[in-house]
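Just so you know, residue 1 is the first one in the sequence shown, and it goes up from there. Treat the numbers as computed from the prediction; the structure is a model and nothing was measured.
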Amino acid sequence: MTRDIRILNTGALLELSRRLNATSGAPVRAAMQRRIRRAAEPLRSDLQRTVRALPIRGQGRKVSGGPSPTTRPLRATIAAAIRLSVRTTGNPGARVWIDRAALPPDLRSMPKHMNSGRIRHPVFGNKRRWVNETTPPLWWESTIRRHRPRMDREVERILRDVRQRLE
């Protein structure tokens, strides 16, 4: 699973970053950062919406089940851990990723398993009885692929505007 997506046009972003540093363009840098964040925000929102609506299908129960042993909603917990950060110095660009530290310890590998399309886990914590559940594979990558052309266009427009302001 691709853990994060980065909007990078390293050559152009690095060149602009150097020029911003040379002119001490703090207002221009802040505006650029805000616009790049706005360009990436729809991707983060769509990833959260996608994971919240992700169908998880089981093998079917042989016995009627009881209440869940946890009150923690799986999909909402993972959606809340999707983060967005923007940098205009060093390695400039936008990054969307799942913050594993924001997940409970027992769910830290769950996004990777959900993206693979197969979740294998013990039934209600019983280590002698395991079950396989499925999700649509590659939901992370397919969501990113849908947004990539739009983000690239917006970042190019932002870079062009910042270059014009610096000249």
Side-chain angles (χ1 to χ4, degrees), residues 1-10 13-14 17 30 32-156 158:
M1 172 180 156
T2 305
R3 282 189 237 231
D4 60 16
I5 177 68
R6 296 170 191 222
I7 305 170
L8 299 174
N9 183 350
T10 52
L13 284 172
L14 285 172
S17 180
M32 181 172 116
Q33 189 169 4
R34 186 176 52 255
R35 289 179 66 191
I36 290 174
R37 178 175 294 279
R38 255 190 263 144
E41 189 64 42
L43 170 62
R44 184 179 136 237
S45 299
D46 196 23
L47 284 166
Q48 289 175 328
R49 192 173 23 260
T50 301
V51 75
R52 281 188 185 108
L54 201 64
I56 298 175
R57 306 237 189 277
Q59 299 166 328
R61 297 185 193 185
K62 295 181 174 89
V63 184
S64 116
S68 173
T70 178
T71 58
R72 182 181 61 217
L74 172 68
R75 295 177 196 97
T77 303
I78 293 172
I82 297 175
R83 303 280 191 256
L84 168 65
S85 69
V86 176
R87 292 179 57 174
T88 55
T89 60
N91 187 11
R95 181 175 173 229
V96 179
W97 82 101
I98 295 178
D99 184 6
R100 291 178 34 159
L103 294 172
D106 59 332
L107 293 182
R108 292 204 172 135
S109 65
M110 187 59 70
K112 179 177 75 173
H113 294 298
M114 288 173 74
N115 195 53
S116 74
R118 179 175 176 244
I119 305 168
R120 181 171 163 77
H121 64 92
V123 176
F124 295 113
N126 180 355
K127 302 280 185 181
R128 290 180 288 162
R129 184 173 166 108
W130 288 72
V131 66
N132 290 316
E133 294 183 315
T134 59
T135 63
L138 303 176
W139 60 271
W140 181 265
E141 284 85 359
S142 62
T143 305
I144 289 169
R145 234 178 281 123
R146 282 196 313 266
H147 285 267
R148 189 66 191 240
R150 179 194 54 80
M151 289 186 310
D152 287 342
R153 283 191 310 273
E154 287 187 35
V155 168
E156 281 298 320
I158 293 165

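- A salt bridge does not link Arg153 to Glu156: none of the charged side-chain nitrogens sits closer than 4.0 Å to a carboxylate oxygen.
- Put simply, the side chain of Asn115 reaches to within 4.5 Å of the side chain of Leu138, judged on heavy atoms.
- Nearest heavy atoms, Pro137 versus Ser116: CB-O, 3.8 Å.
- One finds the CD1 atom of Ile98 at 7.0 Å from the CG atom of Leu103 (value rounded to the nearest 0.5 Å).
- In this structure, Thr143 OG1 and Gln48 CD are separated by 11.5 Å, a value rounded to the nearest 0.5 Å.
- Within the 4.5 Å cutoff, side-chain heavy atoms of Met151 are placed close to those of Arg148.
- Looking at every heavy atom in both residues, Leu54 comes nearest to Arg75 through O-NE, 2.6 Å.
- In terms of heavy atoms, Gln33 sits closest to Val86 at NE2-O, 3.1 Å.
- Distance check, rounded to the nearest 0.5 Å: OG1 of Thr50 to CD1 of Ile78 gives 13.0 Å.
- Counting heavy-atom neighbours within 6.0 Å of Arg146 CZ, excluding the residue itself, gives a total above 12.
- One finds the CD1 atom of Ile36 at 11.5 Å from the CZ atom of Arg34 (value rounded to the nearest 0.5 Å).
- Counting all heavy atoms, side chain and backbone alike, Leu43 lies closest to Arg150 at N-NH2, 4.0 Å.
- Considering CD of Glu41 and CG of Leu84, their distance stands at 5.5 Å, rounded to 0.5 Å.
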Thr77 vs Met110, side chain to side chain contact (heavy atoms under 4.5 Å, CB included): CA-CA, chis, key distance, verdict: CA-CA 11 Å; Thr77 303; Met110 187 59 70; over 6 Å; no
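- Between Arg100 and Arg108 the shortest heavy-atom distance is O-NE, 2.9 Å.
- Between Arg83 and Ala102 the shortest heavy-atom distance is NH2-CB, 3.2 Å.
- Taking the salt bridge (charged side-chain N to carboxylate O under 4.0 Å, His left out) definition, one finds that Arg35 meets it with Asp161, sequence neighbours left out.
- Summarising the geometry, atom NE2 belonging to His147 is positioned 7.0 Å from atom CG belonging to Leu47; distances are rounded to the nearest 0.5 Å.
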